[in-house]
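So the structure is just underneath, and the comments pick up after that.
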Amino acid sequence: MTSLRLSLSLGLVLCLIGIFSQSATAKLEEKFSWKQLAFDWPTPEAEAEAKSSGHYIEENNLPLGVERWQNRIFVTVPRWKAGVAATLNYIDLDSTEKSPKLHPYPSWDANKLPISVQPQDQKTPSGGRLDADKAQDAGVQLKDNSTIISTFRIQVDVCDRLWVLDTGLADILGNPKQITPNSILVFDLKTDTLLRRFAIPDDQKKDDSFFANIVVDADRSECQDAFAYIPDLGAYGVIVYSLRNDKSYRVKHNFFHFDPLQGDFNVGGVNFQWTDGVFGLAVGPMNPDHSKDIYFHALASTKEFKVSNRVLQNESHVTGGDSYYDFKYVGDRGMNGQSTAEVFDPETGVIFYTQVNKDAIACWNIKRPYTPDTQGLIDSDSHTLVFPNDMKIDSEGTIWVLSDKMPTYLYKELDPSAVNYRILMGQNRDLIKGTPCEM
């Protein structure tokens with residue numbers, strides 16, 4: 001009888017070990033981390049000069065967007081404050097350093113501001129985007145079209161092109177200057193050359209417009225027929241851009257607005273209220289009729305919606321007032337389900353997304369109903385996942401997540417002696433194992 005009890009106990013222990021080890025292997029792995037960002041300056045003298053002139057203030061450089069192409073991890077550093085060294089950068093994925101230096105892309109010159117932006121005298125918490133002053137138009141004519149002023153999100157498409165949404169706005173939280181119009185830049189990653197620069201027309205912007213994301217809808221067989229969708233989280237619209245026609249138009253809909261009951265955030269010990277509208281977008285799989293569903297949600301919301309790309313790409317229909325019912329309600333993530341980013345994984349049929357109020361990454365299989373019970377929790381960590389700001393999935397099925405404690409950066413002050421910024425990674429099938437997303 002005793003031996004039976006022992007064998008049962010041993011079996012239970014081994015079973016539990018198996019369960020916990022399976023759970024542990026499915027956690028995100030920390031690939032890179034920084035206390036403060038460092039850059040690969042041309043010379044030590046150039047770095048010293050940038051520091052002495054106020055063009056490089058280490059604590060003002062906050063990473064936000066992430067993307068992967070081949071052996072490069074791209075990282076954006078928006079010009080929230082003065083002293084940002086370079087706004088678009090990459091890391092060599094083969095780097096063995098835990099805190100590698102960032103290499104400006106496509107060059108240092110392309111990341112150099114055409115005007116001098118001086119830091120504020122007082123070192124005080126700046127507040128959020130809504131607390132910022134209205135930007136002054138700097139009226140600058142760029143000498144080089146490859147120049148990038150300030151970018152938040154970027155995306156690599158299936159045709160080896162890097163799409164960049166440049167806000168053209170510097171020192172957002174200090175003395176904001178609109179140096180260039182909001183623009184779309186497309187780079188050929190194989191040659192590191194600029195293919196296209198397109199300025200979003202003034203009549204497609206509103207007083208409260210704020211563009212911080214770009215999502216590309218492209219097929220490898222028809223690279224020139226690509227479309228880009230740029231959500232306007234401040235004025236609740238989406239800009240649709242056609243690469244072939246080199247033209248854009250603005251789409252409006254009630255579903256692009258924030259939910260007034262879901263604008264309260266508590267992240268890393270910081271409480272704040274945001275009214276950010278449509279922000280996260282994901283391009284779904286090809287349907288039998290060759291259309292794709294575009295999934296989207298507002299940041300200050302827990303609800304998910306979708307619309308066919310056929311609708312978005314039909315300018316006369318989607319802007320003509322007859323498309324309201326083409327936009328569909330998908331479901332609700334539940335309490336504290338606010339999300340900054342979402343990506344669709346064609347291999348598993350799963351949408352992965354961030355949950356900023358939960359310090360978490362979650363998932364949903366598009367074949368299931370969209371309810372709180374069908375959402376899978378991938379990882380949650382109040383240490384490594386404080387404000388998961390952006391995420392991408394690469395062609396190998398690897399999920400990349402960038403967390404950056406942004407609310408602390410905006411409303412308080414980051415501790416330069418602590419790790420503040422992280423890039424984490426994990427494999428799609430491992431991460432969904434044992435969750436409702438696995439089918």
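For clarity, every value in this text was computed on a predicted model and none was experimentally measured.
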Is the shortest side-chain heavy-atom distance between [X] and [Y] below 4.5 Å?
X	Y	result
Val307	Val311	yes
Thr302	His297	no
Ile230	Ile184	yes
Tyr409	Asp404	no
Val77	Leu64	no
Ser209	Arg250	yes
Ile423	Val401	no
Ile200	Lys205	yes

Which heavy atom of [X] sits nearest a heavy atom of [Y], and at what distance?
X	Y	value
Leu169	Ala135	CD1-CB, 3.4 Å
Asn89	Ala86	ND2-O, 3.0 Å
Leu377	Ala360	CD1-CB, 3.7 Å
Ala341	Ser339	O-OG, 3.2 Å
Gln355	Gly337	NE2-CA, 3.5 Å
Arg161	Leu243	NH1-CD2, 3.4 Å

What's the verdict on salt bridge (Lys or Arg N to Asp or Glu O under 4.0 Å) for Glu59 and Lys81, showing C-alpha distance, side-chain angles and the deciding distance? CA-CA 10 Å; Glu59 62 268 22; Lys81 304 174 185 179; over 6 Å; no

Is a side-chain donor or acceptor of [X] paired with a backbone partner of [Y] at a separation under 3.5 angstrom?
X	Y	value
Gln155	Val216	yes
Asp332	Gly334	yes
Gln204	Ile239	no
Ser53	Glu49	yes
Asp390	Arg153	no
Asp171	Asn175	yes
Trp34	Pro100	yes
Asp345	Asn428	no
Lys303	Phe255	no
Asn111	Ile149	no

Give a yes-or-no answer on whether the side chains of [X] and [Y] include a donor-acceptor pair shorter than 3.5 Å.
X	Y	result
Asp40	His103	yes
Thr354	Thr340	yes
Asp137	Gln178	no
Tyr353	Gln375	yes
Thr408	Glu413	no
Asp415	Asn420	no

With side chain to side chain donor-acceptor pair (under 3.5 Å) as the criterion, how do Asp264 and Asn271 come out once you've worked through the C-alpha distance, each side chain's angles and the decisive distance to 0.1 Å? CA-CA 7 Å; Asp264 188 39; Asn271 175 240; 3.0 Å; yes

Over 60° means perpendicular and under 30° means parallel, so classify the ring planes of Phe296 and Phe305, tilted if in between. parallel

Anything under 30° is parallel, anything over 60° is perpendicular, the rest tilted; go ahead and classify Tyr370 against Trp364. perpendicular

Kindly write out the residues that satisfy side chain to side chain donor-acceptor pair (under 3.5 Å) with Ser33, not counting sequence neighbours, or none if the list is empty. Glu30

Could you work out, with side chain to side chain donor-acceptor pair (under 3.5 Å) as the rule, every residue matching Lys35, not counting sequence neighbours? none

Picking from Phe387, Trp80, Phe272, what satisfies ring pair (Phe, Tyr, Trp, His ring centres under 6.0 Å) with Tyr411? Phe272

Pairs meeting criterion ring pair (Phe, Tyr, Trp, His ring centres under 6.0 Å) with involvement of residues 203-233, two or more places apart: Phe152-Phe210

Measuring from Thr398:OG1 to Arg68:CZ, what's the distance to the nearest 0.5 Å? 6.0 Å

Does the gap between the ring centers of Trp69 and Phe74 come in under 6.0 Å? no

Assess whether ring-ring contact (aromatic ring centres under 6.0 Å, His included) is satisfied between Phe39 and Tyr56, documenting all intermediate values. CA-CA 10 Å; Phe39 294 82; Tyr56 176 39; 5.8 Å; yes

Taking CE in Met286 as the centre, count heavy atoms belonging to other residues, nucleotides or ligands within less than 6.0 Å. Is the count above 12? yes

Has Lys190 got more than 12 heavy atoms of other residues, nucleotides or ligands less than 6.0 Å from its NZ? no

What's the verdict on ring-ring contact (aromatic ring centres under 6.0 Å, His included) for Trp274 and Phe258, showing C-alpha distance, side-chain angles and the deciding distance? CA-CA 9 Å; Trp274 281 354; Phe258 75 104; over 10 Å; no

Cation-aromatic face contact Arg196/Phe187, 6.0 Å, 45 degrees: no

